[in-house]
Amino acid sequence: MSDSTMPSQSGTSSIPPFRYSARLAADIESRWQDAWDAQGTFHAPNPAGPLKDAVAVGNRPKAFILDMFPYPSGAGLHVGHPLGYIGTDVFARFKRMQGYNVLHALGYDSFGLPAEQHAITTGIHPRVNTESNIANMRRQLRRLGLGHDPRRSVSTTDESFYKWTQWIFLQIHGAWYDTETERARPIADLIAAFENGDRPTPDGRAWSALSAGERHDIIDDHRLAYLSNAPVNWCPGLGTILANEEVTAEGRSDIGNYPVFKRNMRQWMMRITSYADRLLDDLDRLDWPEPIKLMQRNWIGRSDGARVSFSTSAGDIEVFTTRPDTLFGATFMVLSPEHPLVDALTTADQRTQVAAYQAEAAAKADNERQDDSQKKTGVFTGAMATNPVTGTDIPIYIADYVLMGYGTGAIMAVPSGDQRDFAFARAYNLPIVATQMPPASWFDARSIAPSADCSTWPEAFVGDGEYINSTNDSISLNGLTSIVDAKSRMNAWLAQHNLGEPTTTYRLRDWLFSRQRYWGEPFPIVYDEDGRAYAVPTQALPVLLPELADFKPTALSPDDATSDPVPPLARVTDWTRVTLDLGDGPREYRREVNVMPQWAGSCWYEMRYLDPTNSEVFIDHEVERYWMGPEHEGHTGGVDLYVGGVEHAVLHLLYARFWHKVLHDLGHVSSEEPFHRLFNQGYIQAYAYRDARGQTVPATEVEESGDNYTWQGETVIREYGKMGKSLKNIVTPDEMYEEFGADTFRLYEMAMGPLDASRPWNTRDVVGMQRFLQRLWRNIIDEYTGDSIVVDDASPEELVRHLNRTIVGVEDDFAHLRFNTAIAKLIEFNNALTQHVSAHKTSPISLVEPLVQMLSPLCPHLADELWFRLGHDSTVTYVPFPVADPSKLIEDTIEVPVQINGKVRARITVAPTASIEEHLELALALEPIIAALDGKTPLKTIVVPGRTVNLVVK
RNA sequence: GCCCGAGUGGCGGAAUGGCAGACGCGACGGACUCAAAAUCCGUUGUUCGUAAGGACGUGUGGGUUCAAGUCCCACCUCGGGCACCA
């Protein structure tokens, strides 16, 4: 397909005209990229649907290899961005050579806050901005030679894409969670159950006795997507509310770092908490890094405990506790300031103080409430509750360390067994009663005498200890030593007396799903005059995002907690008013003016890669089953390899799992999980330099001498961090293409370390990979003539063995994503080949061909060029990976170290099949060993054949 | 505070409990060259020794083992997650 490469143009230079230079690489690369495009080299056939090609699918195994898709930033790429893309590309190309039907594609997450914030700062419409950014990213990534199927590159902002995002929203909206079968079911099933009386209505009236509006409200209360008047995270700086996951521990926005305030607002929520158990339990069936699983487990935060009822003048109050076994030590009770019974409980003389405390707590932002974590504040309500096991009256306080959003918003306080309760009891002089006797070591460690009077303790005791003070007429825990036993005995007693039951609570909250922004998917929802929500019929999808000249949110002061969100779509009055026939004739409705959050598109995009042009369904069943279906009974199904950064551990990865499970329950997909195997790539970091004033200086202009760094003669200080504009340390792929070419750049990124580790970028080191490729090129092509030096001669036995060793090692390394060590093995082999070539001036084809094949996943352009020059007329992409000859893997002899007391003193050379006796015989005959033994007989001899001989003396 | 992960030459990093430092960068020496670049060859953990050779060496301290970078315990440092979650 190609003409022979033009000689180098650099007239004055004495560099050989056909050297593998950046110029030559650029020429090779652009020609092969065009050829791949023209021939559709990376098109992956589907078994059904619009991209069906059953013949091409054949009976090959399949591999769906996926990158976390990027949002198209206007800043362009730096060399850190493509790390994961190169990794998946190498792996995908390797799998193709192993005979797999490989699906590898990349789309764009182009809705959402980052794109919109960028549009606002530049003043350019997000659609224009987004499209030019995507075009630029496509250009930069194409230059990298990624083997993507271009037909499958979707953007979340495409109307043909977000139509289905809205459709999936309607599926979720049209479903409820059946706790009996533990899965989502269509809302029609719920209506049927109400109608035929299988399920009672909340107030017990017959379903037919309810008004249409009442029925509507009851149904809406069960939906997986529902409207809620709940405390939300209001961020005036961004003009929108945010999900819990988008708020940092400091109470600021993840994006932009603006203050976030708690506000009550009517918003769309997703009932992700219904799936808490399955999201937690199914982690066990996923091939994910353990730390990521742990982060999700912590985020879901399941804790098993019990609900216990305490009677009060205002009725029973339920508390949640993980330690029902310590109920005898509950000496007071604390409610959240927002608890609904606070008003009813508060006595007249405490009312002023309680109201003041409530107002103070409400005014505090979340972070302030968490800040003074040591100091406990609170107010007595004046009311008392009855401890159900002791029968004593205990005071009821309100305090802001009890959160309304967790458990029941009320706790029983056991100061002897809980550090926070202990601090509160100390601060307000409340009684402390021990229910467990700490072990002697506990007292020793705190230098206090064992004493039953726990008011002298310096802190609460948490752990296993003998139960004391825990008895009444009908139950006794005294003498027990195990928390588990005490809990089950107490739980049984509570159940028997109808005072409580075991229960489970979660840290996970329902997912807040509306944003008061412009650049997102409109909700397919309309409201009637009573404010009741209705789904837009699916045939009316997509609900198009109206074009807006002024897309900016109304300017708000970031610190003004009292401001209200004004969604940009609310200003488009001719769009918000719509006449629809929802079954009872045409009526006027108003549209939902919020939009979906950034995460919506990324919850399901990977499935659209599979069937990107299907206009009938979001994905064909058979296509989904083929690429993502479970491999066997108990397998979750899902993407075969998903590579991305760890920053999505709880956001994207949790939301996408949730949506996928809903779609599975409703029968739309066969897989239970979206991503079966997850791999977290590391980050490429970089050095940055600051001068004496703390200003960053351009990293490329800094000169290094030993430990000193100078910029324009001035000493600067080196720091290590992310690559970024503000640190003036960006290196772009374009610079690498210019200086070395894409193949060298790919190779360097893969060689610099293991894929999951972060490491510093060092442009200086790239030359090593270029030299390797130049040597390899020179082993095939004469640099002065451009002719091949490959011959059909026999290869020396030693090189044949080396080649076969390399094939086995490289294949294993590729399969386990250990590209850095695979490259090292290729370099070693090529170095050995170089020796042969310098001696003979020719290269045996039987060595060179496999080398080019093994190189091709890493450096596909160069490999295709060399493959072509070796006389083949098609790409090496689908040529099977070389297979090692087992007979060439066995060495004639092996060198084995001989140790005395674990220290290597000599080496023996043995046959690979040598017995233990042969090893010993040879070892004991060695001069240095005889000398070292000095006539002594070894007490013990250890021989690991082929590995080591160890002699133990004296 | 709790929970993860990681500490190996000047640098990036290799090492199924079995010869620590593969491979690459840098540095040093040599060949080629009038010279330089490029290329090729060699050396390069520290230390004692003219050498042969020896001693020490994977954050620190202890332990298990014939044998530990690797396994166990405690600690230090760095990175990350969670953080009044009852």
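Every chain is numbered from 1 and lettered A, B, ... according to where its sequence line falls, protein lines coming before strand lines.
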Salt bridge (charged side-chain N to carboxylate O under 4.0 Å, His left out) involving A:Arg805 - partner list, sequence neighbours excluded:
A:Glu891
So, for A:Phe332 and A:Tyr428, is the gap between ring centers shorter than 6.0 Å?
no
So does A:Arg778 get a side-chain nitrogen or oxygen closer than 4.0 Å to the phosphate oxygens (OP1/OP2) of B:C40?
yes
Suppose we define a pair by two distances each less than 3.5 Å, Watson-Crick or G-U wobble; what does B:G79 pair with here?
B:C4
For every nucleotide of nucleotides 22-33 of chain B, 5' to 3': is a protein heavy atom under 4.0 Å from its base (B), only from its sugar-phosphate (S), or from neither (-)?
BSSSS-------
Taking only the C1' atom of each, what is the distance from B:G45 to B:C41 in whole angstrom?
23 Å
Span that lies between the P atom of B:C25 and that of B:C3, in whole angstrom
44 Å
Please give the distance between the C1' atoms of B:U46 and B:U8 as a whole number of Å.
14 Å
Which part of the nucleic acid does A:Gln835 contact within heavy-atom distance under 4.0 Å: base, sugar-phosphate only, or nothing?
sugar-phosphate
Are side-chain heavy atoms of A:Thr504 and A:Arg302 found at a separation under 4.5 Å?
yes
Distance col, row A:Thr763:OG1 vs A:Tyr748:OH, nearest 0.5 angstrom, shows 7.0 Å
Check the distance between B:G13's P and A:Leu755's CG and give it to me in whole angstrom.
13 Å
Can you tell me how far C1' of B:C3 sits from CD1 of A:Ile292, to the nearest Å?
14 Å
Taking the same atom, P, in B:G81 and in B:G29, what whole-Å distance lies between them?
47 Å
Would you kindly give the CH2-to-P distance between A:Trp299 and B:C4, to the nearest whole Å?
19 Å
Using the C1' atom on both, measure B:U70 against B:A14 and round to a whole Å.
13 Å
Protein-nucleotide distance (A:Gln419, atom CD; B:C85, atom P), rounded to Å:
11 Å
Can you tell me the base-pairing partner of B:G26? Count Watson-Crick or G-U wobble geometry only, both distances below 3.5 Å, and say none if there is no partner.
B:U44
Distance check needed: B:U8 P versus A:Arg759 CZ, whole Å only.
16 Å
Is A:Arg507 positioned over the aromatic face of A:Trp299, cation under 6.0 angstrom from the ring centre and no more than 45 degrees off axis?
yes
On a whole-Å scale, what distance lies between the P atoms belonging to B:A37 and B:A27?
11 Å
For B:A74, which nucleotide in any strand shown is its Watson-Crick or wobble partner with both distances under 3.5 Å?
B:U60
Under 4.0 Å, counting only non-hydrogen atoms across every strand here, what does A:Arg420 touch: a base, just sugar-phosphate, or nothing?
base
Using purine N1 to pyrimidine N3 plus N6-O4 or O6-N4 for Watson-Crick, or N1-O2 and O6-N3 for G-U wobble, each under 3.5 Å, what pairs with B:C19?
none
Rounded C1' spacing from B:G21 to B:G9 in Å:
7 Å
A:Glu246 atom CD is separated from B:C82 atom P, nearest whole Å, by 13 Å
Could you check A:Asn950 against A:Thr322 and say which one's nearest nucleotide on RNA chain B is further toward the 5' end?
A:Asn950
Does B:A86 have OP1 or OP2 under 4.0 Å away from a side-chain N or O of A:Arg507?
no
Once the angle between the rings of A:Trp511 and A:Tyr655 is folded into 0 to 90°, is it parallel (under 30°), tilted (30 to 60°) or perpendicular (over 60°)?
parallel
Name the orientation of the base relative to the sugar in B:G57: syn if the glycosidic angle is within 90° of 0, else anti.
anti
Where does the angle between the aromatic ring planes of A:His648 and A:His652 fall among parallel (under 30°), tilted (30 to 60°) and perpendicular (over 60°)?
perpendicular
Can we say A:Arg759 and A:Glu749 salt-bridge, meaning some charged N sits less than 4.0 Å from an Asp/Glu carboxylate O?
no
Take the protein atom CD of A:Gln296 and the nucleotide atom P of B:G80, then report the distance between them rounded to whole Å.
20 Å
Side-chain donor or acceptor of A:Arg947 under 3.5 Å from a matching atom on the base of B:C19?
no
What is the distance from CG of A:Leu951 to C1' of B:C19, rounded to the nearest Å?
15 Å
Please report the distance separating the C1' of B:C11 from the corresponding atom of B:U64, rounded so that it comes out in whole Å.
35 Å
Comparing A:Tyr506 and A:Val952 on RNA chain B - which has the more 5′ nearest nucleotide
A:Val952
Considering Watson-Crick and G-U wobble pairs with both distances under 3.5 Å, what does B:A35 pair with?
none
Identify whether the distance between the nearest side-chain nitrogen and carboxylate oxygen of A:Arg818 and A:Asp812 falls below 4.0 Å.
yes
